[in-house]
Each structure stands twice: as C-alpha cells, then as structure tokens.
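Here is the naming used below: chain letters follow the sequence lines, and residue numbers restart at 1 for every chain. As the structure is a computational prediction, the values presented were derived from the model and not from experiment.
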There are 4 protein chains.
Amino acid sequence: MRADARRNRDRITAAALALVAERGPEVPMEEIARAAGLGVGTLYRHFPDRGALLEEISVAGLVDLRDAARALLDAGGPPWAAVEGFVAHCAGRPLALIKALAETVPAPPEREELQGEVDTLMLRMVGAAQAAGALRADLAPADAVAVLSAVVCRPGVRAGDALTTVLLDGLRAR
Amino acid sequence: MRADARRNRDRITAAALALVAERGPEVPMEEIARAAGLGVGTLYRHFPDRGALLEEISVAGLVDLRDAARALLDAGGPPWAAVEGFVAHCAGRPLALIKALAETVPAPPEREELQGEVDTLMLRMVGAAQAAGALRADLAPADAVAVLSAVVCRPGVRAGDALTTVLLDGLRAR
Amino acid sequence: MRADARRNRDRITAAALALVAERGPEVPMEEIARAAGLGVGTLYRHFPDRGALLEEISVAGLVDLRDAARALLDAGGPPWAAVEGFVAHCAGRPLALIKALAETVPAPPEREELQGEVDTLMLRMVGAAQAAGALRADLAPADAVAVLSAVVCRPGVRAGDALTTVLLDGLRAR
Amino acid sequence: MRADARRNRDRITAAALALVAERGPEVPMEEIARAAGLGVGTLYRHFPDRGALLEEISVAGLVDLRDAARALLDAGGPPWAAVEGFVAHCAGRPLALIKALAETVPAPPEREELQGEVDTLMLRMVGAAQAAGALRADLAPADAVAVLSAVVCRPGVRAGDALTTVLLDGLRAR
DNA sequence: AATGAATGAGCTTTCATTCAT
DNA sequence: AATGAATGAAAGCTCATTCAT
C-alpha cells in the first residue's frame, strides 16, 4: 500500500470515529470525507460502503480493549489493580460507540472472535480478583463483567469520577 | 378534542415510542403511522413534524419521572427507600431513549422546565438520604444524582439486577 | 387504486417504453419521470427500482405478443395467413427492446411462464403451416420459430418491407 | 511506436471488444484495463476517453469488413459465391456490436468514409449477383444490402444456420 | 377528518478522468 | 512510461412533508 494511501486511510478512520461518536452512525459519508480532507470517492475506494467503515471502527476499538486487558493480566500485579487499571483505560474511550455499532452493524466473524477474546480476558480478570478476595464473591463472574462493561461504556465516564468510584466500591469485597 | 382524535394521538405516541426504542430516532414516519394503524396524513395532523413527535415522547417520559419522584418524596418513608423505589419505578421504562432524545432534539422551554423539576426532586431525594446517613457523604449530591441516573437509564434495567445492586451498594454509606 | 395513481402508472410505463427503446435500458430514472410529467419519487412509489420498471415493460410486451398469437390461431383462417399476420402484428413494435430486456433483467416466474406460452403458440402456428404444406418442411419447427423471432425482433422492421418479404418467401414451401 | 506500447494498445482493444460485446458499452474503464492486464492510467495514455476506445473498436470492425468485401469482389468468382463468402466471413465476428456502436458513438469522418466504402462494396456485390440472375431482381439493391446486413449482424450468426439459410433462400432468384 | 399519492431534497454509491508516485 | 490513488460529477434511491381525493 502506498504511503499516501495509508495516511489517507488513517485520516478517514480517525474522522469517522470522531464524527460517529459525536453525531451518530448516520453522519453523511460526505462529511466524514470532508473532515478527513478528502473527496467521497477516496473514502469509497478505502471502504466499499458505510458498513465497512463502521466495522473498521468497531474492530479497532475491540482490538484496543483486548490488548489493554491482556497487558494488565500479563503485568502480573495484584488482581484488583488490573480491574482498576482496566476501568481507567476504558474511561474516555468511545466504547459506547463501539458497543452501539456492535448492535447496528452485522458482526463479521473477525469481530465475533475479538468480542469473544475480550469477554474471556475480562472473565479471567474478574475471576482472579474474586480468587484474591478483592472482588465480592456474591456475583457470578459474568455478572461482574457485565457490570464493568455497562459502566465503562457510558459516554463521558472518567477515571476517578463519581460513577467509577461508586462502581469500584460497589464491586469490592467488604 | 374528540374521543377518536384522542385515541389516534395515543396510538401514534405509543407506536413511536416502541419503534424509536427499537430502531432509533430515524424510523420512517410512514412506519410509525403504519404501526399505529393510520395514514401518514393523520400522523401529521397531530404532530407538525418529526421533532414534535419525539418531543412529545420525551416530555411524556419526564412527566412520568417527575410524578414518580414527587410521590416517593411526599410519601414520607425512609429516604433510602425512596431511592430504591425510584429505581424500581424506572425499571422497564425506556429512559435511555428519553435521555437520548433529550440530547438529540432541541429542548423546548417546557422540557427544560420539566428536566429542572426532575433534577431538583432527585437532588432532594439524594440529599435526604445523605442527611439520614444512608447514602455516603463523600459525594456531592449532584454526583450522586448522576450515578443514580446511570443506574436508571440503562436499557433493560431491573430492580435487583447485578448493576443496580453493585451501584446501590457503592452509593450506600458504610 | 386511485384514478390518478392509475393514470400516473400508465404514463410512467409509456414514457419508460419510449425512452428505453430510444436510449437503452440505462436512461436516467429522472428523465423517465420527467418525460412522464412526474417527480422521481412518484416513479419509485410505483416501481421499487429500475428492474421492476423494466420488468413491467417486458411483461407487457410479451402479453401483447401472446394475445396476438392466440387471436390469430383462434381465428381459424389458413395457417400461412396466421404466420403472415403474426409478422405483420410484430412489425413496428419494440420487440427488440423486450428481447433485450429479457436478457438483461433476471426473469421473474411470471415472465418465464409468459415466454413459455408465446413459444408454445408460435410452435403451434408454425406446425400448422407445415402440416398445411405452406411452410417448408426441412426446418424443425423450433428453428422456424427462432427465425421468425429473430427477424421480427429487429428494430425498424415493417410489414411488407424487404426483410419481411424475403423472410416469408424464404420460409414458404416451394 | 515502441513494441510494448503497440502490444499494450492491442491488448486494450481486444479486452474492450470482448467486454463490450459481453456486457454492453458501459463497462467500467477500470475493468477493461484490468482485463488487459494494465492500469487505467495506461489505458488513458492510449485512448483519451471512452469514446475514442469505442471508436477504435468500430473502426477496426469496419476495416475488416471492407477488406473482406473487397477481396471477395476482386477474387472474381461467381457473384453469388461472393455473397455467401461474405456471410461466412462475418460469422463469429461481433458485427452486431460494431453496428450498435456505430449508432451510439458519434461518427468521426474516418468512420463515415469507411462506412461508405463498405456500403459501396456491398452494393456492388449485390448488383453483380442480380446481374448474374442469382439474386432476385424485384428488390432494390439497397434493400438487398439491408437484408444481407440483417443476416450478418445477428450475434452468433453461423454460415448454414436456420436464419441464414432462410434469408439467403429468400434472396435468391427463383 | 383521514388517506395515501406526489414531490423533491438529500444521501449513498459508482465511475470517468486526472495526477502524484 | 506505467500505476493506481484521488477527485467530483452524476445517478440511484429514500423519506419527510404537502396536498389532492
């Protein structure tokens, strides 16, 4: 792939991410192109249709999530620190968007798989924290994961804000 | 207003609520009309444009919220019970939708005012719970309200589900 | 169907027939609409997409062909007269167009069936003429039908012109 | 012109001929280029626009036709044999396409002239056959030429097929 | 008053053509 | 000279809204 094509592709995904986050998944393709400083035709050369573009965005988000979860688990610190670190990592990322897209765009196999990896990693994270007695034991691991996901995916969450504080306190073993 | 007109109007708002909740705020007007068992023309007789219809939905939701909050406060029970009662009341209502609309559709004065009333009532509810020592005191009331909103605005929220439990536990004074 | 809708539908098919015959099956939909004195939206209300419109045209053409063939057979005149009459009927109709469409647009069951009826009727017509000793016997009936179709479908054929004269003389038994 | 440029040009016209015959005159330029194993840029280096490419195709077809007609006339065999030879020569060539293009693409002077030459040659061929008593005399030469064109321009024509047989028999003097 | 047909602006997508690499 | 990326105009189609029936 030519260097300029690569650069343009990246500009497009960045612009799309920003605009979709701000205005929803129906922003005119032309605006995305304009925001990327390109013509629509170029956008369509890189992504055959809107679906492909949205897919790219959601996949990139999941990759980021998976990598973060994996790094925290591999770091080998205290399990609860991994949970806190994960929440901090997610805060401020447009996960709401990614989740919304995951519901809108039909999932390609690639994304199914990624979603599965993320789920598995989060389950391990939560399970380890429970095993260490840091996370309350009266929740099924899957429920704890669901709680984490739900909070972390709200637009505008920030590490240390009231919601994450309450969430982490609510999850902690007494 | 004639009885049949009233009935038609109600059918329209019900259909719109259901369809917007299910398919997003861009559902074709024609589908809303069809779901209501009416022609588009009739829909437009009741609501001059899509904005007015969405507004109606969100206003109706806020009215319901305000009335519930007010009733719980007026009931005079223990303050924490009011908080739990509020969560229970909201369960199963499409508040997420209403909130989303509130961000999408420009707010008419009527809704601004309603929103203000709801905010005030929730602040009173939270303040009372803090005064009674039931709700942790290290949170600004406005932050506690934000957390409560987050609990209540999840689509599909149920009283007693994992997230509700965790967040209410996190809000409680130790 | 309302009277005005019916009228508009007919205008659309007439305009489409003329324009497609003149400029090929890719004429802008907007031009067809304009030629019919209508907006594009109306065109699309009647035909969900270009394919549906082309289909309508080709089906109408086949119906006409079938009816003509049937009438000539039922008239009970001399078999060769039916063949001549059929050629005369077809001359000047945009059958080339219909045939071209039949190759372009994927055939719906309705058209398959019509095509079958036309084929059957033409085979009967040709078979009768052979049985009567009017049409040369060294041609398989299906070949004779193919010859007839091919000539009759050329744009611009006219009854009595050189091509039809030569065709009929060439088909006649010596 | 360099040998490779020549080769590229020929590949392009061959690919264009095949694709246009198969899919109509609106095949994307990019597909023609791909079929020729080249980039679009190279295609445009050889032909300034689509019109020029189509023109090239139709001109090449007419040149072939003219040369064949001329050779048959110059061969000095029996006039009717020239007619049959002409039909045989055309079999398998996409003359229908060439004719269609001749109607679609505005004719440059070069093609006008070629067309004129072909017409003249065919008229001479037909005239000679009439003079020899082989071709029926009750047709104007131009009409006989039109019939001959019809024979020869069918896509898929083969010497000896049903239509060719019927029409040549129809043309023959009794 | 209800209906649903007509309108036309707006968005998606395609593709001829140009031009940087 | 060849390539294939970028452009933007044009065409298909959808849908909010209006208005004749």
E/dT14 phosphate, OP1 or OP2: any side-chain N/O from A/Y44 under 4.0 angstrom? no

Any side-chain N or O of C/R45 less than 4.0 Å from the OP1 or OP2 oxygen of E/dA5? yes

Would you mind reading off the distance between D/F47 atom CZ and E/dT18 atom C1', rounded to a whole angstrom? 18 Å

Roughly how many Å is it from CD1 in D/I12 to C1' in F/dA2, rounded to a whole number? 11 Å

From B/R2, B/R6, B/R7, residue fulfilling salt bridge (Lys or Arg N to Asp or Glu O under 4.0 Å) relative to B/D4: B/R2

With respect to the side chain of B/V40, which nucleotide from F/dA16, F/dC13, E/dA5 is positioned closest? E/dA5

Could you give the distance from CG (B/L38) to CD1 (B/I32), rounded to the nearest 0.5 Å? 12.0 Å

What is the distance from CG of A/L38 to P of E/dA20, rounded to the nearest Å? 15 Å

D/L53 side, atom CG; D/I57 side, atom CD1 - distance, nearest 0.5 Å: 5.0 Å

Check the pair C/E26 / C/R50 against salt bridge (Lys or Arg N to Asp or Glu O under 4.0 Å), numbers first and verdict last. CA-CA 9 Å; C/E26 330 234 333; C/R50 171 186 297 275; over 6 Å; no

Both A/V27 and B/G39 contact DNA chain E. Taking the nearest nucleotide for each, which residue is further toward the 5' end? B/G39

First encountered from the 5' end of DNA chain F, between B/G51 and A/G37: A/G37

To the closest 0.5 Å, what do you measure between CZ (A/R9) and CZ (A/R45)? 12.5 Å

Return the nucleotide paired to F/dA1: Watson-Crick means purine N1 to pyrimidine N3 with N6-O4 or O6-N4, wobble means G-U with N1-O2 and O6-N3, both under 3.5 Å. none

Taking CG from D/L43 and P from F/dA1, how many angstroms apart are they, rounded to a whole number? 16 Å

Looking at the side chain of A/N8, which of F/dT7, F/dA5, E/dT13 is the nearest nucleotide? F/dA5

Partner of F/dG8 by Watson-Crick or G-U wobble geometry, both contacts under 3.5 Å, or none? E/dC15

Nearest-angstrom distance from the residue atom CD of A/E30 to P of E/dT12: 8 Å

When rounded to whole Å, the CG to C1' distance for the pair D/D4 and F/dT3 reads 15 Å

Among the nucleotides F/dC13, F/dA2, F/dT7, which one has an atom lying closest to any side-chain atom of D/T42? F/dA2

Over how many whole Å does the gap from A/L53 atom CG to E/dT13 atom P extend? 10 Å

With the side chain defined as heavy atoms from C-beta on, A/M29 is closest, among E/dT13, F/dC13, F/dA11, to E/dT13

Is the number of heavy atoms from other residues, nucleotides or ligands under 6.0 Å of C/E31 CD greater than 12? yes

Assign B/H46 to base, sugar-phosphate, or nothing according to its heavy-atom contacts below 4.0 angstrom with the strands shown. nothing

Against the side chain of D/D49, the closest entry in E/dT17, E/dT13, F/dA16 is E/dT17

Let me know the distance between CZ of C/R6 and P of E/dA5, rounded to the nearest Å. 13 Å

Against the side chain of C/R2, the closest entry in E/dG4, F/dT3, E/dC11 is E/dG4

